[in-house]
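One-based numbering, in listed order, for ligands and for the atoms of each.
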Amino acid sequence: MSNLELLPINIAGEWRLGGGGESTTLYPATGEVVGRLRAPSLEDVEEAIQKADHAFRTSGWAQKKPHERAAVLHRVAQLIRERAEPLAQLQRLDNGKPIKETRMLVASAATFQFFAAACETMEETITPSRGDFMTMSVYEPMGVVAAITPWNSPIASEAQKLAPALAAGNAVVVKPAEATPLLALELAKICEEAGVPKGLVSVLPGRGSVIGDAITKHPLVKRVSFTGGTSTGKHIAHIAADKMMPVSLELGGKSATMVLADADIDHAVNGVLYGIFSSSGESCIAGSRLFVARSLHAEFMQRLTAKAAALQVGDPADERTQMGPLITAKHRESIESYVALGLSEGGRLLTGGQRPEGAQFERGYYYRPTIIDGVKNDWQICQQEIFGPVLVAMPFDNEDDLLAQANDSVYALAAGIWTRDYKSAWRIGRAVQAGTVWINTYKQFSISTPFGGWRDSGLGREKGRLGIQQYMEQKSMYWGLNESPIAWAN
Ligand code: NAD
């Protein structure tokens with residue numbers, strides 16, 4: 001057992017050891033312990049939520065003028081920028097992503113700046129009235145809201161929820177994934193330093209089925225913003241239905257990436273490669289189902305396979321690394337069993353399908369970029385989310401065939417189209433069922449553009465200027481302008 005000191009968690013602004021069991025976070029590249037903490041007990045969860053509710057009602061945060069709340073959120077963004085490098089290094093240790101990627105994720109956490117602006121510029125409306133009264137649509141904060149996040153993009157996922165929820169005037173209970181608690185704790189420290197009132201932010205790392213469940217069920221929690229797996233999301237939706245509580249659910253994916261016969265091949269090869277193998281494929285939006293025009297299929301697969309085999313897999317601290325380790329040994333085993341399943345279904349392994357060899361890979365949870373073709377879209381390997389560096393590839397014959405296959409999935413999170421023809425891009429872009437469509441690019445994001453999925457990929461949208469209103473209740477007001485009696489009463 002490591003000698004590292006136990007880290008305090010944040011129970012409504014009080015930094016102390018949780019009353020639950022001990023858990024550790026490991027560096028996926030070596031299996032070394034990088035953090036130890038005690039999870040909260042259920043009593044800690046109760047205390048955090050009660051105090052969050054108290055802070056919401058008494059701290060004055062919700063009553064601050066928008067520009068005053070915005071000023072605090074700008075300070076949060078500024079502190080994230082000032083600490084960008086240590087945060088990126090900590091995230092590398094917590095999650096094992098290559099340092100180049102963790103720098104991008106930390107930079108994206110400055111989304112607090114965007115929601116500061118959204119807070120300060122949010123408009124409420126005076127609506128056309130049908131009488132001698134003024135009618136208005138206004139928004140109120142909800143109270144205590146929860147943010148439940150997965151392990152694959154810590155800090156970015158938490159910031160994406162925390163920033164709009166605080167901007168809206170709420171108190172927030174954050175439940176980061178068991179495997180990656182460290183960045184959420186750092187973010188809470190930054191919020192505190194920036195001037196977010198004590199009690200308004202809690203970070204409760206711990207088991208989802210215990211701590212996440214207790215938070216979701218708590219009567220004082222008025223909304224859950226969840227990012228994670230589809231089965232967990234459905235479980236949360238059931239609880240929400242019983243409480244009549246709004247939720248947003250950002251769930252899994254099996255996104256189609258489509259290469260048309262007229263695509264710029266080099267551009268498409270690089271884009272497809274990045275779409276699936278960046279973040280070691282541990283990405284909800286990974287372009288994990290590839291469809292290539294039959295006339296181009298053989299040449300494209302040959303070029304793609306050669307490039308995939310040459311990707312730099314290795315030490316996440318090395319600036320040249322393109323693919324780091326997977327999150328845990330158990331997750332790697334799950335990916336290995338998916339690859340075995342795909343091959344047993346009749347797929348043909350073009351590259352990968354094994355752990356890399358060499359002393360530098362022995363302790364980490366590495367897996368080589370893997371491409372399987374000769375598959376059919378209805379096979380399990382093409383229908384289930386693997387959440388790792390495994391691409392399945394199929395040819396298509398024409399646009400109808402392409403769309404029928406691409407849309408034949410319970411998931412509908414994202415899609416990619418590679419073509420030089422703007423008319424095909426438009427037709428396919430409109431017909432493909434997905435929350436986000438990238439044309440001649442992939443996995444690019446802008447905080448000002450809404451994000452979310454259809455079907456089993458989720459409910460609701462995050463980001464965008466209106467993202468703040470997800471954390472508010474809408475209210476209509478009718479304001480009588482004279483003393484004349486209401487018609488019926490007269
Ligand atoms: P997960 O569903 O196992 O866990 C996500 C979070 O939910 C964790 O914090 C976990 O502790 C918590 N949780 C688990 N059971 C719970 C319960 N019963 N009640 C409340 N909370 C509970 O997912 P994961 O393995 O951490 O993440 C991988 C999944 O997340 C993949 O399916 C991936 O596609 C998805 N994901 C989606 C998006 C998106 O924006 N659509 C982004 C990233 C990841």
Flag the pair Lys189 and Glu186 as a salt bridge only when some basic side-chain nitrogen lies within less than 4.0 angstrom of an acidic carboxylate oxygen. yes

In plain terms, say whether Lys161 and Glu250 are close enough for a salt bridge, that is, a side-chain N and a carboxylate O under 4.0 Å apart.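 A salt bridge is absent here (no side-chain N lies under 4.0 Å from a carboxylate O).
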
For atom 26 (O) of ligand 1, tell me which residue out of Phe451, Tyr411, Trp151, Phe226 has the closest non-hydrogen atom. Trp151

Nearest to atom 35 (C) of ligand 1 by heavy atom, Cys284, Pro150, Gly228, Gly206: which?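 Shortest heavy-atom distance from atom 35 (C) of ligand 1: Gly228.
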
Contact atoms of ligand 1, heavy-atom distance to [X] under 4.0 Å:
| X | answer |
| --- | --- |
| Ser209 | 15 (N), 16 (C), 18 (N) |
| Gly252 | 32 (O), 34 (O) |
| Ile236 | 20 (C) |
| Gly229 | 1 (P), 2 (O), 23 (O), 29 (C), 30 (O), 32 (O) |
| Asp213 | 18 (N), 19 (N), 20 (C) |
| Lys175 | 8 (C), 9 (O), 10 (C), 11 (O) |
| Thr232 | 1 (P), 2 (O), 3 (O), 13 (N), 14 (C), 15 (N), 16 (C), 17 (C), 22 (C) |
| Pro176 | 9 (O) |

Is it the side chain (CB and beyond), the backbone, both or neither of [X] that lies under 4.0 Å from ligand 1, heavy atoms counted?
| X | value |
| --- | --- |
| Glu178 | side chain |
| Leu413 | side chain |
| Asn152 | side chain |

Close aromatic pair by centroid cut-off 6.0 Å: Tyr366 and Phe361: yes

So which heavy atom in the protein is nearest [atom], and how far is it from that ligand atom?
| atom | answer |
| --- | --- |
| atom 8 (C) of ligand 1 | Thr149 O, 3.3 Å |
| atom 33 (C) of ligand 1 | Phe387 CE1, 3.1 Å |
| atom 12 (C) of ligand 1 | Ile148 CG2, 3.7 Å |
| atom 34 (O) of ligand 1 | Glu385 OE2, 2.5 Å |
| atom 17 (C) of ligand 1 | Gly208 O, 3.3 Å |
| atom 41 (N) of ligand 1 | Leu251 O, 2.7 Å |
| atom 20 (C) of ligand 1 | Gly212 C, 3.2 Å |
| atom 18 (N) of ligand 1 | His235 CD2, 3.3 Å |

Do you see a donor-acceptor pair shorter than 3.5 Å between the side chains of [X] and [Y]?
| X | Y | value |
| --- | --- | --- |
| Ser225 | Glu462 | yes |
| Tyr411 | Glu385 | no |
| Thr216 | Asp213 | no |
| Glu101 | Ser279 | yes |
| Thr25 | Asp94 | yes |

Thr216 to ligand 1: N or O pair under 3.5 Å?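 Among all N and O atoms of Thr216, none is under 3.5 Å from an N or O of ligand 1.
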
Any side-chain heavy atom of Gln405 sitting closer than 4.5 Å to one from Arg289?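 Result no, sub-4.5 Å side-chain heavy-atom pair not found.
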
What is the minimum heavy-atom distance between Pro325 and Ser280, and which atoms define it?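 Of all heavy-atom pairs spanning Pro325 and Ser280, the closest is O-OG, 3.8 Å.
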
Let me confirm one number: the CD-CG distance from Glu345 to Leu343, rounded to the nearest 0.5 Å. 9.5 Å

Please report the interatomic distance OG(Ser446) to CZ(Phe451), rounded to the nearest 0.5 Å. 12.5 Å

Between ligand 1 and Gly453, can you find any atom pair, the residue atom being a heavy atom, that is separated by under 4.0 Å? no

Is Trp438 reaching over with its side chain to a backbone N or O of Ala414, donor-acceptor style, under 3.5 angstrom? no

